[in-house]
Amino acid sequence: MTYTLNPIGYLRSCFKEKFAIPRQPLLAPAAQGCIELLAPYDQADAIAGLEEISHIWVIFLFHKNLENTPRLKVRPPRLGGNKSIGVFASRATHRPNGIGQSAVRLERAEPGRLWVSGIDLLDGTPVLDIKPYVPYADSLPMAQNAIATSAPALIEVSWDSAALQQAEQHAQRLAQPLIALIEQCLAQDPRPAYQQPSPERVYGVQFYDVQVRWHYLTLKHIEVLEICSA
Ligand code: SAM
């Protein structure tokens with residue numbers, strides 16, 4: 001049987017490419033976005049009650065990873081990218097129906113728009129549904145997952161002084177916590193685990209409309225080199 005799903009909205013995100021997006025929500029609290037709801041869900045009735053709720057589940061489509069060939073096993077970055085596990089034991093983006101779920105902070109709601117933070121989602125992500133986070137049911141202190149026991153270890157992030165000044169200027173212009181966003185995302189160590197970068201290798205990614213460039217001083221220490229218009 002085939003079902004047709006229609007997005008209820010689209011996410012406008014600070015993340016313009018997949019690289020350097022945190023691998024789960026709430027790892028970068030400064031990562032902000034806005035869910036723009038489509039008719040008829042853009043009316044006040046659809047969000048009545050959300051003012052009582054701090055976090056929501058966003059059910060979405062991994063629209064930049066949709067595939068026709070089923071994958072039974074995946075190689076999660078957490079396992080170094082060289083060990084495979086069953087797709088149902090992983091939160092990898094390769095999914096049977098391309099569906100993802102993220103619990104994010106709801107900052108503000110108005111008819112047609114939900115401002116969220118702590119997102120791990122790409123700009124333009126189609127949103128299929130939104131549900132309230134329900135602490136007594138969704139927070140499971142007794143739950144165990146020996147594959148992912150804790151949040152990934154953070155690495156150090158420091159700044160070239162000119163890059164920090166550039167970031168401050170862009171943060172002011174955008175009226176966004178750009179410095180915190182860069183530090184929180186790069187501290188997750190976004191490089192593929194199999195890469196052993198030398199300091200000469202420069203990495204880059206676009207957040208908002210700016211390009212962020214950095215290199216690795218050591219495997220545990222990133223230096224931000226430049227922030228410029230994308
Ligand atoms: N929290 C969600 C889940 O568990 O279903 C997503 C986890 S997934 C590992 C997070 C990664 O998905 C991000 O680091 C980013 O690279 C990728 N991603 C985010 N939005 C995407 C999209 N719309 N299409 C494809 N990949 C996306």
Side-chain angles (χ1 to χ4, degrees), residues 5-36 38 55-71 73-106 114 116-133 138-140 143 145 147-155 181-195 203-208 212 222:
L5 301 177
N6 296 309
I8 55 136
Y10 290 90
L11 179 75
R12 297 290 148 234
S13 166
C14 54
F15 298 122
K16 307 299 176 189
E17 50 190 288
K18 285 190 275 184
F19 182 49
I21 300 181
R23 290 176 183 138
Q24 285 302 335
L26 304 174
L27 295 174
Q32 305 204 3
C34 178
I35 299 171
E36 294 177 351
L38 297 173
H55 291 74
I56 54 174
W57 284 106
V58 179
I59 320 296
F60 62 90
L61 209 60
F62 285 111
H63 72 307
K64 292 291 184 189
N65 252 25
L66 296 175
E67 306 173 320
N68 290 325
T69 315
R71 287 196 200 210
K73 293 195 115 183
V74 294
R75 294 169 193 270
R78 176 179 275 271
L79 299 179
N82 51 13
K83 190 174 167 212
S84 60
I85 57 172
V87 63
F88 300 133
S90 158
R91 301 273 285 262
T93 57
H94 305 283
R95 313 237 47 98
N97 287 299
I99 293 175
Q101 58 184 89
S102 293
V104 300
R105 184 171 178 83
L106 177 61
L114 304 179
V116 288
S117 65
I119 56 177
D120 58 346
L121 304 176
L122 197 55
D123 192 46
T125 294
V127 178
L128 301 176
D129 201 355
I130 288 163
K131 301 186 187 195
Y133 183 87
D138 295 344
S139 166
L140 308 170
N145 182 337
I147 299 169
T149 46
S150 57
L154 301 181
I155 63 170
L181 176 68
I182 293 169
E183 290 180 350
Q184 291 167 7
C185 292
L186 298 192
Q188 307 287 322
D189 191 1
R191 100 199 125 87
Y194 60 82
Q195 283 179 8
Y203 288 79
V205 77
Q206 184 181 343
F207 292 159
Y208 296 105
V212 182
I222 277 175

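The chain is numbered in sequence order, starting from 1. Just follow the structure's listing: the first ligand is 1, and inside any ligand the first atom is 1.
- Interface of G100 with ligand 1, defined as ligand atoms under 4.0 Å from a residue heavy atom, comprises 5 (O).
- Considering backbone and side-chain N/O atoms, P22 comes within less than 3.5 Å of an N/O atom of ligand 1.
- Remark: ligand 1 and T93 share no N or O pair separated by less than 3.5 Å (distance only, no angle test).
- Note: no N/O pair closer than 3.5 Å links P25 and ligand 1 by distance alone.
- When each atom of ligand 1 is checked for a heavy atom of H63 under 4.0 Å away, the hits are 22 (C), 23 (N), 24 (N).
- Closest heavy-atom contact between V74 and A92: CG2-CB, 4.0 Å.
- Closest approach of L121 to S102, counting heavy atoms only: CD2-OG, 4.1 Å.
- Counting only heavy atoms of the protein, atom 4 (O) of ligand 1 lies nearest to R91 NE, 2.6 Å.
- Given atom 24 (N) of ligand 1, the protein heavy atom at minimum distance is K64 N, 3.1 Å.
- Counting only heavy atoms from C-beta outward, the side chains of V58 and Q101 never approach each other to under 4.5 Å.
- A heavy-atom separation below 4.0 Å is not found between P76 and ligand 1.
- Side-chain contact between V116 and R105 is absent, with no heavy atoms from C-beta onward closer than 4.5 Å.
- With a 4.0 Å cut-off on non-hydrogen atoms, I21 touches ligand 1 through its backbone as well as its side chain.
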Pair T93, N65 - check side chain to side chain donor-acceptor pair (under 3.5 Å), show working. CA-CA 7 Å; T93 57; N65 252 25; 2.4 Å; yes
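- The protein heavy-atom contact nearest to atom 20 (N) of ligand 1 is L122 N, 3.1 Å.
- Protein heavy atom nearest atom 6 (C) of ligand 1, with residue, atom name and distance: D120 OD2, 3.4 Å.
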Could you walk me through whether Y203 and Q195 satisfy the side chain to side chain donor-acceptor pair (under 3.5 Å) test, starting with their C-alpha distance in whole Å, then the side-chain angles of each, then the deciding distance to 0.1 Å, before giving a yes or no? CA-CA 12 Å; Y203 288 79; Q195 283 179 8; 2.5 Å; yes
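- Among all non-hydrogen protein atoms, the one lying nearest atom 27 (C) of ligand 1 is F62 CD2, 3.7 Å.
- The aromatic rings of W57 and Y133 sit tilted relative to each other, their planes meeting at an angle between 30° and 60°.
- In terms of heavy atoms, L122 sits closest to L11 at O-CD2, 4.0 Å.
- Every atom of ligand 1 with a heavy atom of L121 under 4.0 Å away is listed here by number and element: 19 (C), 20 (N).
- Annotation for ligand 1: atoms under 4.0 Å from non-hydrogen atoms of L61 are 23 (N).
- Protein heavy atom in closest approach to atom 16 (O) of ligand 1: K18 O, 3.2 Å.
- The distance from ligand 1 to the heavy atoms of R23 drops below 4.0 Å at these ligand atoms: 7 (C), 8 (S), 9 (C), 10 (C), 14 (O).
- Contact between P7 and Y10 at its shortest, heavy atoms only, is CG-OH, 3.5 Å.
- Of all heavy-atom pairs between I85 and I147, the closest is CD1-CD1, 4.1 Å.
- Every N/O-N/O distance between N65 and ligand 1 stays at or above 3.5 Å.
- Electrostatic pairing of R23 and D120 does not count as a salt bridge here, judged by no charged N lying under 4.0 Å from a carboxylate O.
- Protein heavy atom nearest atom 3 (C) of ligand 1, with residue, atom name and distance: Q101 O, 3.1 Å.
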